[in-house]
Amino acid sequence: MATDTLKSTTGASGASAVRRLLLDNGALTALIALVIAMSALSGDFLTTDNLLNIGVQAAVTAILAFGVTFVIVSAGIDLSVGSVAALSATVLAWMATSEGVPVWIAVILAVATGMACGLVNGVLISYGKLPPFIATLAMLSVGRGLSLVISQGSPIAFPESVSHLGDTLGGWLPVPVLVMVVMGLITALILGRTYIGRSMYAIGGNEEAARLSGLRVKRQKLAIYALSGLFAAAAGIVLASRLSSAQPQAAQGYELDAIAAVVIGGASLAGGTGKASGTLIGALILAVLRNGLNLLSVSAFWQQVVIGVVIALAVLLDTLRRKAGATPVAAGTGAPGGRGKQAATYIIAAVVAAAIVGAMSFLHNGSSSSATKKVGLSLSTLNNPFFVQIKSGAQQEAKKLGVDLTVTDAQNDASQQANQLQNFTSSGLGSIIVNPVDSDAAGPAVRSANKAGIPVVGVDRGVNKADTAALVASDNIAGGKLGARAMAEKLGGKGKIVILQGLAGTSASRERGAGFAEGLKAYPGIEVVARQPADFDRTKGLDVMTNLLQAHPDIQGVFAENDEMALGAVKALGSKAGTSVSVIGFDGEPDGLKAVKDGTMYASVAQQPKELGRIAVENALNAAEGKKVEKTVMVPVKVVTKENVAGFGG
């Protein structure tokens, strides 16, 4: 009987060996499969430049995720790391520039800021008894708010000495990748070789048992969240160094990517399991996905769908692993020889992947499609009709000229746009068109394109500290002045108005606001009673305007820095819009022009977005072919009112 049982067990274990191997190394298997698939689908994927790009693009997420690993292993959650990263970088830039503090002290203060935020989280959770979700959600808002307060909503130039963190060593090895590796090794050391690391696994496995066994759980949680804050500060510094500026809106949503990387890497949200190598693999999977989908010209909207599916599959794999009894080994607790077996698995996987990928690369040898006719267009956002119109005009012109146009959506994230521009550069496109989220932040990525000999055309907004073959734009400052004049003329030179500002930190908001303020200087009878940001969003415009009306019911005018916010204000004003209150927007988008025609909006400072897109593609192709292009191509703006809206072509 005993013999039969032994045979049965042996047979079963032989049959399930592969299944157990895949379950125990699911993230690694997924990464290898992704690399092979992307190599087969895109000839631009498997190049040295692109692989280094993937490393750079994974760096910030990975560093954040290493800190989040400590929290998740201990059965907690930290939603604040993205905001803490932005706050730490802003503190560094502000102290080193505005306050004149020596850079090395500013770096220490930035790191201390991150740790302080983590400690506050720990105190609220350990001693305030708040659930980790609520405590860190509160810190997410506080950190982002403080970042905006310190920076006044505008990017702050990063110190030159710290900006070198975004450079390369020897002209090819990116410093962010080195920082990522170092932080990963520190994470592995803490988890596997220290008392606090073992405490994390104990607390995550069973907090009550850990407390009864003598662990000071509350103090340990303080240290755990402080570590998460420290890693967030490091990630913020690396991110800002890549962009050469501290962006108050940087790293939005990165906390979700960090958590996803940890979960994809094999950690359980229930706590007690997780390791640094798994987290690194999870971050690389997200970077490979985004990079490959960009190279394949997949819509940014679909990219979000794909990433969501990957996260769901990762959690499903964790469930299957638990049911199968294939529980990941906690770092530092494995049986003798376990680490050697794991290292051998990684080495074999690397060799197999290299062999298959090498074979795949031959599929793309000899492809001779003309790079000149390939153009990349990176838009700041496609969640705004104005930029959708730019895209439409660009696509129509590309089709007419036989140009292969790839369009990406940065979603108002300067770092995501930097990644997209790097992907374009490594793809060897004939030329690149960029509509910067921020003119300063786009500079480093455009300089990389300059070094690669790829001409870059700016559209709607310029790029600072980089060479562009042409800038196709409307003058936002001049448009703001026109808006001020139109408002003053409508109100007879006196009255109370409010201003709805765009997304803090964007050049469009700064320039339009500056132009409007400059224009109002000629009309001292116009009083601005309130300025509030509504982030270029119609819904936020509605909410902000509704709130402002409670404090200022007697206003006579509203200037919104785009038509979307103006339309939200019109909704909030109700019957007042177009009668007792004059609303002026900016952009001349279709819905805005319709509101002007209907009389609910007095005017829109109208650009011609389709024309911007069309001319940008035309100039990008000319630049790629070595033809002469004008350095600046200005597309006229005009104030469109009910009197002339019928004749405006848009």
Side-chain angles (χ1 to χ4, degrees), residues 62-81 84 111-112 114-136 139 182-235 255 258-259 261-263 265-280 282 318 321-322 327-336 338-339 342:
I63 295 169
L64 283 175
F66 289 140
V68 173
T69 302
F70 301 135
V71 177
I72 288 180
V73 164
S74 60
I77 200 76
D78 192 346
L79 300 176
S80 68
V81 289
V84 171
V111 172
M115 294 184 69
C117 291
L119 282 171
V120 171
N121 283 335
V123 168
L124 291 174
I125 293 164
S126 297
Y127 297 96
K129 302 297 183 183
L130 287 181
F133 183 91
I134 299 301
T136 58
M139 182 56 69
V182 170
M183 300 303 280
L185 291 174
I186 292 172
T187 303
L189 179 66
I190 291 173
L191 286 173
R193 299 288 185 176
T194 65
Y195 172 75
I196 188 172
R198 291 190 292 273
S199 299
M200 292 175 193
Y201 288 107
I203 294 169
N206 190 320
E207 183 174 330
E208 186 60 27
R211 183 180 291 107
L212 293 174
S213 66
L215 272 180
R216 296 182 174 179
V217 173
K218 290 183 178 180
R219 291 188 182 181
Q220 295 297 330
K221 284 188 176 181
L222 289 180
I224 290 166
Y225 281 92
L227 277 172
S228 180
L230 185 152
F231 275 67
E255 55 279 347
I259 293 168
V262 178
V263 174
S268 172
L269 289 172
T273 61
K275 52 191 177 184
S277 59
T279 296
L280 176 60
D318 178 55
R321 182 169 51 214
R322 287 172 174 276
T327 306
V329 180
T333 63
R339 290 196 194 99
Q342 188 180 67

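The structure displayed is predicted, hence computed values, not measured ones.
- Shown here are the ring pair (Phe, Tyr, Trp, His ring centres under 6.0 Å) partners of Phe231, two or more places apart in sequence or in another chain: Phe70.
- To the nearest 0.5 Å, atoms CE (Met200) and NZ (Lys221) are separated by 12.5 Å.
- Ala202 pairs by the side-chain contact (heavy atoms from CB on, under 4.5 Å) definition with Ala210, Leu215, not counting sequence neighbours.
- We find the CD1-CD1 distance between Ile77 and Ile259 to be 4.0 Å, quoted to the nearest 0.5 Å.
- Every residue two or more places apart in sequence or in another chain that forms a side-chain contact (heavy atoms from CB on, under 4.5 Å) with Ala233 is listed here: Ser88.
- The distance from atom OG of Ser126 to atom CD of Gln220, rounded to the nearest 0.5 Å, is 10.0 Å.
- When all heavy atoms of Val81 and Ser228 are compared, the closest pair comes out as CG1-OG, 3.5 Å.
- In this structure, CG on Leu191 lies 10.0 Å from CD1 on Ile196, to the nearest 0.5 angstrom.
- Residues satisfying the side-chain hydrogen bond (donor to acceptor under 3.5 Å, both in side chains) test with Thr279, not counting sequence neighbours, are Thr69.
- In this structure, the separation between CG on Leu280 and OG1 on Thr187 is 10.0 Å, given to the nearest 0.5 Å.
- Annotation: salt bridge (charged side-chain N to carboxylate O under 4.0 Å, His left out) contacts of Arg211 (sequence neighbours excluded): Glu207, Glu208.
- In this structure, the side chain of Thr273 engages the main chain of Ser268 through a donor-acceptor pair within 3.5 Å.
- In this structure Leu119 satisfies the side-chain contact (heavy atoms from CB on, under 4.5 Å) test together with Leu222, Ala226, sequence neighbours excluded.
- Checked by atom type and distance alone, the side chain of Tyr127 never pairs as donor or acceptor with a backbone atom of Gly122 at under 3.5 Å.
- Of all heavy-atom pairs between Gly229 and Val84, the closest is O-CG1, 4.1 Å.
- Under the side-chain contact (heavy atoms from CB on, under 4.5 Å) criterion, Leu130 pairs with Leu124, Ala135, not counting sequence neighbours.
- Applying the side-chain hydrogen bond (donor to acceptor under 3.5 Å, both in side chains) criterion to Ser80, with sequence neighbours excluded, gives Asp78, Asn121.
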